[in-house]
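One structure below.
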4 protein chains.
Amino acid sequence: MIEQVRRARGRPRSETARRAILDATLALAAEQGPKGVRMDAIASRAGVSKETLYRWWRSKAEVLLEALAQYGEQTIPVPDTGSLASDLRAFLRATARAADPPTERLLRALAAEAAADADLADVVRDTFLARRRADLGRLLGRAVARGELTAGQAATAVDLIYGSLWYRVIFGIGPLDERWADGVADMIASLARASAEAGVDHPEEAPRPVQ
Amino acid sequence: MIEQVRRARGRPRSETARRAILDATLALAAEQGPKGVRMDAIASRAGVSKETLYRWWRSKAEVLLEALAQYGEQTIPVPDTGSLASDLRAFLRATARAADPPTERLLRALAAEAAADADLADVVRDTFLARRRADLGRLLGRAVARGELTAGQAATAVDLIYGSLWYRVIFGIGPLDERWADGVADMIASLARASAEAGVDHPEEAPRPVQ
Amino acid sequence: MIEQVRRARGRPRSETARRAILDATLALAAEQGPKGVRMDAIASRAGVSKETLYRWWRSKAEVLLEALAQYGEQTIPVPDTGSLASDLRAFLRATARAADPPTERLLRALAAEAAADADLADVVRDTFLARRRADLGRLLGRAVARGELTAGQAATAVDLIYGSLWYRVIFGIGPLDERWADGVADMIASLARASAEAGVDHPEEAPRPVQ
Amino acid sequence: MIEQVRRARGRPRSETARRAILDATLALAAEQGPKGVRMDAIASRAGVSKETLYRWWRSKAEVLLEALAQYGEQTIPVPDTGSLASDLRAFLRATARAADPPTERLLRALAAEAAADADLADVVRDTFLARRRADLGRLLGRAVARGELTAGQAATAVDLIYGSLWYRVIFGIGPLDERWADGVADMIASLARASAEAGVDHPEEAPRPVQ
DNA sequence: CGGTAAGCGAGACGGTACGTCTTGTCTTATT
DNA sequence: AATAAGACAAGACGTACCGTCTCGCTTACCG
C-alpha cells in the first residue's frame with residue numbers, strides 16, 4: 001500500500017531557500033555576533049526576499065530557533081551507562097561540543113530576544129529549552145530511581161546545569177569546553193554519591209568513583 | 001592644613017535629575033518590562049531631556065547598571081556562621097528577597113542588552129557581576145578553607161548558583177523565592193558535606209580567585 | 001516590434017504617498033508658516049513614515065522644491081504680444097496670482113533653507129530659479145531683439161524683478177498683488193521705452209504706449 | 001549744568017566681551033557660512049559664556065543685527081550731487097564695497113533667520129532694513145522732487161534695488177560688485193531720464209514714505 | 001577699605017527637530 | 001502559490017542646537 005502524499009498546488013516551498021536562510025543566520029551570528037543577525041541581513045545574505053523569511057517564520061526568534069535546531073544541540077544523545085557521573089560527563093561533553101562558537105552566538109542572539117520579550121521567553125522555554133530540560137531530566141531521573149538524588153535535587157540540578165551554560169554564554173564568563181562539562185558533571189555527581197552514601201532510598205546501589 | 005576639596009566650576013550636576021532617571025528606569029521596567037525601558041520613555045518620565053541622559057550614561061545598559069546598583073542587590077551581606085549550609089541559605093535568601101519583581105525586570109532588561117552586545121557584556125561582567133561573584137566567592141572560600149570544597153568546586157559553584165538565578169529570570173523558568181534559595185543552598189551544601197566526609201584533597205590549597 | 005517599457009521590479013513607489021507628502025507640506029506651510037514645515041510633521045500629517053520621506057527626498061528643501069513644482073508657478077505662460085509692457089504685465093500678474101499665501105509660505109520656507117545652506121542654494125538656483133529666470137529672460141529677450149533694451153539691461157532686470165519678489169516675500173515687505181505686478185512691469189517698460197526713444201540698436205522698432 | 005550719567009552699581013558690562021562676540025560672529029560667518037553661526041560656537045570662539053551672550057542679546061538674530069551694524073553698511077553716505085545717476089552709482093558702489101564676503105555671509109545668516117520666522121522678519125524689516133530703505137528713499141526722493149521719478153516709481157525702485165541685492169546674496173546668483181552697482185544704477189537712472197524727458201507729472205507731489 | 005551687587009565663565013539642563021536604523025507588512029511582476 | 005525585489009508604516013535611537021538656569025568667581029562702585 002503506497003502512501004500517497006497529497007501534493008499542494010502551486011509552487012512548492014523552496015528547500016534551497018530554507019537552507020540558505022538558516023545557513024545565513026548561522027554565518028551572520030558567527031561573523032558579527034548577535035547584533036549582526038538582522039532580518040534584512042539574513043535575507044540579503046541568503047539571496048532571499050524578506051517576504052520569504054516572514055512567510056515561514058513569524059519573527060527573528062523563530063528563525064533562530066530553527067537554526068539552532070538545525071546546527072545546535074539537537075543530536076545530543078542521552079547516555080545510559082548506569083552511572084550518573086559518566087552519564088553526565090558524556091552528556092555535558094557532547095553539549096559543550098555542540099556549543100561551538102557559532103552556535104554559542106546563536107544562543108546568545110536567542111537569549112537577547114527572550115530576555116527582551118516575556119511572551120517570546122515563554123515560547124523558547126516551552127519548546128526549545130523544554131526538550132533539553134527533558135533530556136537532562138531523564139538522565140538525572142535514573143539517578144533518582146537509583147536513590148542517588150531526590151526528585152527535588154534533580155529538578156534543582158537542571159536549573160544549575162543549564163543555568164551555568166546560559167550564564168557563561170550570555171555574559172561571556174567563559175567557554176563551554178570540556179573543562180566546564182567535567183567540572184559541572186563531577187560536582188553534581190559528587191553530590192549524588194554523597195546522598196547515596198548517606199543512605200538515601202537504595203543503598204544497594206554502589207557509588208562509583210568519579211574518574 | 002586642611003585639604004580643600006576644589007568645587008567644580010559651572011552648574012553642578014543635578015542630583016534630582018539623576019534620581020528621577022533611576023526611579024523612572026525602575027518604574028518603567030516594573031510596569032512594562034524590558035521593552036518599556038526606552039531612553040526616550042525614561043527621559044520623558046523623569047522630566048529630563050534625552051541629552052541629560054546621554055550626558056551621563058552612554059547607553060541604556062549603563063543606566064540599568066546604575067539603577068540596579070541603587071535598587072538592587074547591593075546591600076546583601078555575606079554571612080559567616082561557620083557553616084556553609086547556613087551561610088549559603090542566608091545569602092541566597094537575601095538575594096532572593098532583593099530580587100523582587102521590579103528588580104527582576106531590571107535584571108532581565110540588562111541581560112537583554114548584554115546578550116545582544118558582547119562589549120557591553122564585558123562591562124557588565126567585570127563590574128556588576130564581578131562584585132556579586134566576589135561576595136559569593138568569599139563565602140565559598142571559607143568552605144574551601146575548611147576543606148569542605150575544592151577551589152575548583154567553589155569556582156564551579158559560583159557559575160551554577162548565579163547561572164541558575166539568571167536562567168530563571170531570563171527565561172521565566174520560575175521565581176527567585178525562598179524555595180529556590182533553599183534548594184540551591186542545600187544542594188551545594190550537601191555536596192560540601194560529602195566532600196568533607198570523603199576527605200577532599202588539599203584544604204590548604206588557596207582558593208583560586210573566582211573570576 | 002514594439003519597445004516594451006520594462007517595469008521596475010518590486011513594489012512600485014506609492015503615488016498616493018507622494019501626493020500626500022506634497023499636500024501635507026503645502027498645508028503645513030500655509031497653516032503654520034516655515035517653522036511648521038518639519039519633516040516629522042509632514043510625515044505624520046501625510047500618514048507616511050519618515051523613512052519614506054527620506055527615501056525620496058534627501059532634505060526638507062527637496063520636498064519644498066517638489067511641492068512648489070506641483071503647486072507653484074509652473075503654469076505661468078510666457079506671453080508674446082509684441083509689447084514689452086503688456087508682456088511683462090501679463091507675466092507678473094500671473095506670477096502674483098500663482099503666489100497665493102500658501103505658496104508664498106512655501107517660497108519663504110525654501111528661502112530659509114537656501115539662505116542657511118550654500119550647497120542647497122546652488123541647487124535651488126540651478127533648478128527652480130533657473131527655469132523662471134529663463135522664462136523671464138525669453139520675454140525680455142524679445143524686447144532686446146526689438147531694441148528696447150540692451151542685453152545687459154535685460155539681465156539686470158531679471159535680478160531686479162525676481163529680487164523684489166523674494167525680498168517682499170522673505171521680509172514681509174508687502175504682498176505680491178496686482179499693484180506690485182503693475183508697478184514693476186511699468187517701471188521696466190518705461191525704461192525700455194526710454195531706451196528705444198534714445199535710439200538704441202534698432203530704431204525701426206516703434207515704441208508702444210504702455211496700455 | 002553738567003549731565004551726570006548715573007553709573008550703574010555692580011560690575012560694568014565688559015566692552016571686551018561685546019567686541020569679542022561680534023568679531024566671533026563675523027569670523028564664523030566668514031569661515032563657515034551661515035550654518036557655522038551657532039550661539040555656542042560664537043560663545044566659545046569669543047571666550048565668553050553663553051550666559052553673557054543671552055544677557056545682552058535675546059536671540060541669534062539680534063547678535064547678527066548688531067554684528068551687521070558694526071561691520072556692515074552703516075557707514076554708507078547718502079550722496080547729493082544733483083544727478084540721480086551719479087548719486088545712485090556712488091551709493092550702490094559704496095553698498096557693494098560694504099558687502100564684502102564676510103558681511104555677505106552675515107546677511108545671508110540673517111536672511112535665513114528672518115525667512116524662517118515671520119515675527120523676526122518684522123523686526124528686521126522695521127529696524128535694519130528700514131534704515132537702509134530710508135537712505136535710498138531720501139536719495140530717490142530728490143529725483144522725485146526734480147520730477148525725474150514719480151513717488152510710486154521711487155517706492156518700487158527701492159524694492160527692486162534692495163531686492164536684487166538680497167536675491168543675489170541669498171541664492172548665490174552673483175557677487176555684489178561694482179558691475180552690479182553700476183548696472184542697477186544705470187538702469188534706474190535711464191528710467192528717470194526718460195521720465196523727465198517725457199515730462200512726468202510734477203514735483204509738488206510729496207514722495208510717499210518708503211515703507 | 002570692605003561690603004555688595006551685577007557681570008561673567010563654566011557647563012548642566014529641558015525642549016525639540018533631525019536623520020538613521022530595524023522590524024514586520026504589503027504590493028508588484030516573475031517563476 | 002511561492003518567490004525576489006523593494007516600498008512602506010511604525011517607532012526607537014543617538015545627535016545637534018536653542019535658549020535657560022545655577023553655580024562660584026570677579027570687578028568696580030559706594031558707604
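None of these values were measured; they are calculated from a predicted model. All chains are named by letter (A, B, ...) in the order of the sequence lines, taking the proteins before the strands, and each is independently numbered beginning at 1.
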Look at the side-chain N and O atoms of [X] and state whether any lies under 4.0 Å from the OP1 or OP2 oxygen of [N].
X: A:Arg38; N: E:dT22; value: yes
X: D:Ser59; N: F:dG19; value: no
X: A:Lys50; N: E:dT25; value: no
X: D:Tyr54; N: F:dG19; value: yes
X: D:Lys60; N: F:dG19; value: no

In this structure, how many angstroms lie between the [atom2] atom of [N] and the [atom1] atom of [X], rounded?
X: D:Arg18; N: E:dA6; atom1: CZ; atom2: P; result: 22 Å
X: A:Ile42; N: E:dT22; atom1: CD1; atom2: P; result: 13 Å
X: C:Arg13; N: E:dA29; atom1: CZ; atom2: C1'; result: 20 Å
X: C:Leu53; N: F:dA10; atom1: CG; atom2: P; result: 13 Å
X: D:Trp57; N: F:dT20; atom1: CH2; atom2: P; result: 15 Å
X: C:Glu15; N: E:dT28; atom1: CD; atom2: P; result: 13 Å
X: B:Asp40; N: E:dC18; atom1: CG; atom2: P; result: 17 Å
X: A:Arg45; N: F:dA5; atom1: CZ; atom2: C1'; result: 20 Å

So among C:Leu26, C:Val48, C:Thr16, which one has a side chain to side chain contact (heavy atoms under 4.5 Å, CB included) with C:Ile21?
->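 The single option meeting the side chain to side chain contact (heavy atoms under 4.5 Å, CB included) with C:Ile21 is C:Val48.
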
B:Gln32 and B:Arg38: side-chain donor and acceptor closer than 3.5 Å?
->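 No pair is found: no donor N or O on one side chain lies under 3.5 Å from an acceptor on the other.
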
Would you classify B:Trp56 as touching base, sugar-phosphate or nothing, given that sugar-phosphate means primed atoms plus P, OP1 and OP2, and contacts are heavy atoms under 4.0 Å?
->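 Contact class for B:Trp56: sugar-phosphate only.
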
Across the strands shown, which category fits D:Arg58 at heavy-atom distances under 4.0 angstrom: base, sugar-phosphate, nothing?
->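 Result for D:Arg58 = nothing.
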
Is the shortest distance from a Lys or Arg side-chain nitrogen in [X] or [Y] to a carboxylate oxygen in the other one below 4.0 Å?
X: A:Arg105; Y: A:Glu31; value: no
X: A:Lys35; Y: B:Asp117; value: yes
X: C:Arg108; Y: C:Glu113; value: no
X: C:Glu51; Y: C:Arg55; value: yes

B:Ser49, nearest nucleotide to its side chain (from F:dC13, E:dG14, F:dA9) =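 Output: E:dG14.
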
Measure from the side-chain heavy atoms of B:Arg11 and tell me the nearest of E:dT23, F:dC13, F:dT20.
->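 Comparing E:dT23, F:dC13, F:dT20 against the side chain of B:Arg11, the answer is F:dT20.
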
Using the closest heavy atom to pick a nucleotide of DNA chain F for each, name whichever of A:Ser14 or C:Arg55 lands nearer the 5' end.
->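 Counting from the 5' end, the first nearest nucleotide belongs to A:Ser14.
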
Earlier contact from the 5' end, DNA chain E, for C:Val37 and B:Glu51 |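 Result of the comparison: B:Glu51.
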
Starting at the 5' end of DNA chain E and moving along, which residue's nearest nucleotide shows up first, D:Ala17 or A:Ala41?
->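 On the 5' side of the pair lies D:Ala17.
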
Between the two ends of the helix from E:dC1-F:dG31 to E:dT31-F:dA1, what is the bend in degrees, rounded to 10 degrees, where each end axis spans five pairs?
->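 Rounded to the nearest 10 degrees, the bend comes out at 10°.
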
Quick one: does D:Val63's side chain get under 4.5 Å of D:Met39's, heavy atoms only?
->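 Contact flag for D:Val63/D:Met39 side chains = yes.
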
If you take all heavy atoms of D:Ala17 and D:Thr52, which pair is closest and at what distance?
->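 The pair with the smallest heavy-atom distance is CB-CG2, 4.5 Å.
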
